[in-house]
Amino acid sequence: MKGTVLYRKGSHITDISIQSKGRICIMSGGVGGEFVLYIPTASEPALFNALCSTSERVRNRLLGKKGSKQEIFDRMVAKFSSKERDPEDAIRAFLAKHKIPYTSEYWPNR
């Protein structure tokens with residue numbers, strides 16, 4: 001799936017995509033390298049719930065709705081798109097607050 005840019009300033013870009021392995025991937029960086037954050041498929045139900053309002057969570061629980069990968073992607077884009085601030089720290093804080101497991105790596109440019 002093609003990525004969506006959440007933030008861009010000069011050569012620094014933060015984007016979100018769904019990898020072929022099914023993981024949600026957030027990449028943030030520029031000329032010096034990129035930080036890559038992966039949200040595994042097993043974390044998606046918790047992420048979906050965290051992205052929903054309280055009333056939506058209650059309704060989803062009653063209906064047994066878990067949220068599709070596309071719904072999660074769209075909600076992440078809506079919540080974290082910004083023209084003014086890089087959302088990388090806000091995304092990490094959000095995941096930590098809601099105890100959503102993720103992994104991260106740093107890829108230096110050589």
Side-chain angles (χ1 to χ4, degrees):
M1 170 179 227
K2 185 178 173 188
T4 297
V5 174
L6 300 175
Y7 171 82
R8 178 189 313 253
K9 185 172 184 179
S11 66
H12 185 92
I13 297 173
T14 298
D15 68 12
I16 184 170
S17 62
I18 300 173
Q19 293 187 316
S20 59
K21 294 180 182 179
R23 300 182 296 186
I24 295 173
C25 176
I26 297 144
M27 298 180 83
S28 182
V31 178
E34 291 184 309
F35 288 95
V36 184
L37 189 147
Y38 300 107
I39 302 169
T41 304
S43 297
E44 288 176 9
L47 178 57
F48 179 69
N49 281 330
L51 291 165
C52 291
S53 67
T54 303
S55 61
E56 288 176 314
R57 281 193 290 269
V58 170
R59 185 181 71 234
N60 292 342
R61 192 175 8 220
L62 291 172
L63 298 175
K65 184 176 178 182
K66 296 181 181 175
S68 70
K69 199 172 291 290
Q70 187 63 49
E71 283 179 289
I72 294 167
F73 180 86
D74 292 343
R75 285 177 184 257
M76 290 284 289
V77 169
K79 183 166 184 68
F80 294 109
S81 288
S82 174
K83 292 183 184 245
E84 297 170 19
R85 297 190 77 189
D86 185 354
E88 181 191 359
D89 291 337
I91 293 169
R92 288 178 186 272
F94 179 82
L95 296 173
K97 175 183 175 186
H98 294 284
K99 298 179 176 136
I100 297 168
Y102 67 91
T103 58
S104 61
E105 299 174 355
Y106 179 71
W107 297 350
N109 289 343
R110 297 179 190 193

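Everything numeric in this text was worked out from a predicted model, so none of it was measured. We count residues from 1, following the sequence as given.
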Residues pairing under ring-ring contact (aromatic ring centres under 6.0 Å, His included) where one sits in residues 82-102, two or more places apart or in two chains, turn out to be Phe80-Phe94, Phe94-His98

Please say yes or no: joined through hydrophobic side-chain contacts below 4.5 Å, possibly via intermediate residues, are Leu51 and Leu37 part of one cluster? yes

Could you tell me whether the side chain of Leu47 reaches within less than 4.5 Å of the side chain of Ile39, counting heavy atoms only? yes

Under 3.5 Å, is there a donor-acceptor pair between the side chain of Ser82 and the main chain of Glu84? yes

Any pair with a residue in residues 15-45 that passes ring-ring contact (aromatic ring centres under 6.0 Å, His included), sequence neighbours left out, goes on the list, sorted by first then second residue, please. Phe35-Tyr106

Return yes if some donor-acceptor pair links the side-chain N/O of Ser43 with the main-chain N/O of Ile100 below 3.5 Å, else return no. no

Contact list for residues 96-108, test salt bridge (Lys or Arg N to Asp or Glu O under 4.0 Å), sequence neighbours left out: none

Does Lys69 have any salt bridge (Lys or Arg N to Asp or Glu O under 4.0 Å) partners at least two apart in sequence or in another chain, and if so, which? Glu44

Residues pairing under ring-ring contact (aromatic ring centres under 6.0 Å, His included) where one sits in residues 41-62, two or more places apart or in two chains, turn out to be none

Does anything in residues 3-16 form a side chain to side chain donor-acceptor pair (under 3.5 Å)? List the pairs, not counting sequence neighbours. His12-Ser28, His12-Asp86, Thr14-Ser28, Thr14-Asp86

Side chain to side chain contact (heavy atoms under 4.5 Å, CB included) between Val36 and Ile26, intermediate numbers included: CA-CA 6 Å; Val36 184; Ile26 297 144; over 6 Å; no

In chain order, what residues pass the side-chain hydrogen bond (donor to acceptor under 3.5 Å, both in side chains) check against Arg57, with sequence neighbours excluded? Thr54

Taking side-chain hydrogen bond (donor to acceptor under 3.5 Å, both in side chains) as the definition, give me every residue that meets it alongside Arg92, ordered by chain and number, with sequence neighbours left out. Glu88

Can you pull the salt bridge (Lys or Arg N to Asp or Glu O under 4.0 Å) pairs that have at least one residue in residues 20-35, sequence neighbours excluded? none

Do you know which two heavy atoms are closest between Pro40 and Pro101, and how far apart they sit? CD-O, 3.5 Å

Would you list the atom pairs, donor with acceptor, under 3.5 Å between side chains in residues 71-79 and any protein atom, with sequence neighbours excluded?
from	atom 1	to	atom 2	distance (Å)
Glu71	OE1	Ser68	N	2.9
Glu71	OE2	Lys65	NZ	3.0
Asp74	OD1	Gln70	NE2	2.8
Arg75	NH1	Glu56	OE1	3.3
Arg75	NH2	Glu56	OE2	3.3

Tell me, with the steps shown, if Ile16 and Cys25 meet side chain to side chain contact (heavy atoms under 4.5 Å, CB included). CA-CA 6 Å; Ile16 184 170; Cys25 176; over 6 Å; no

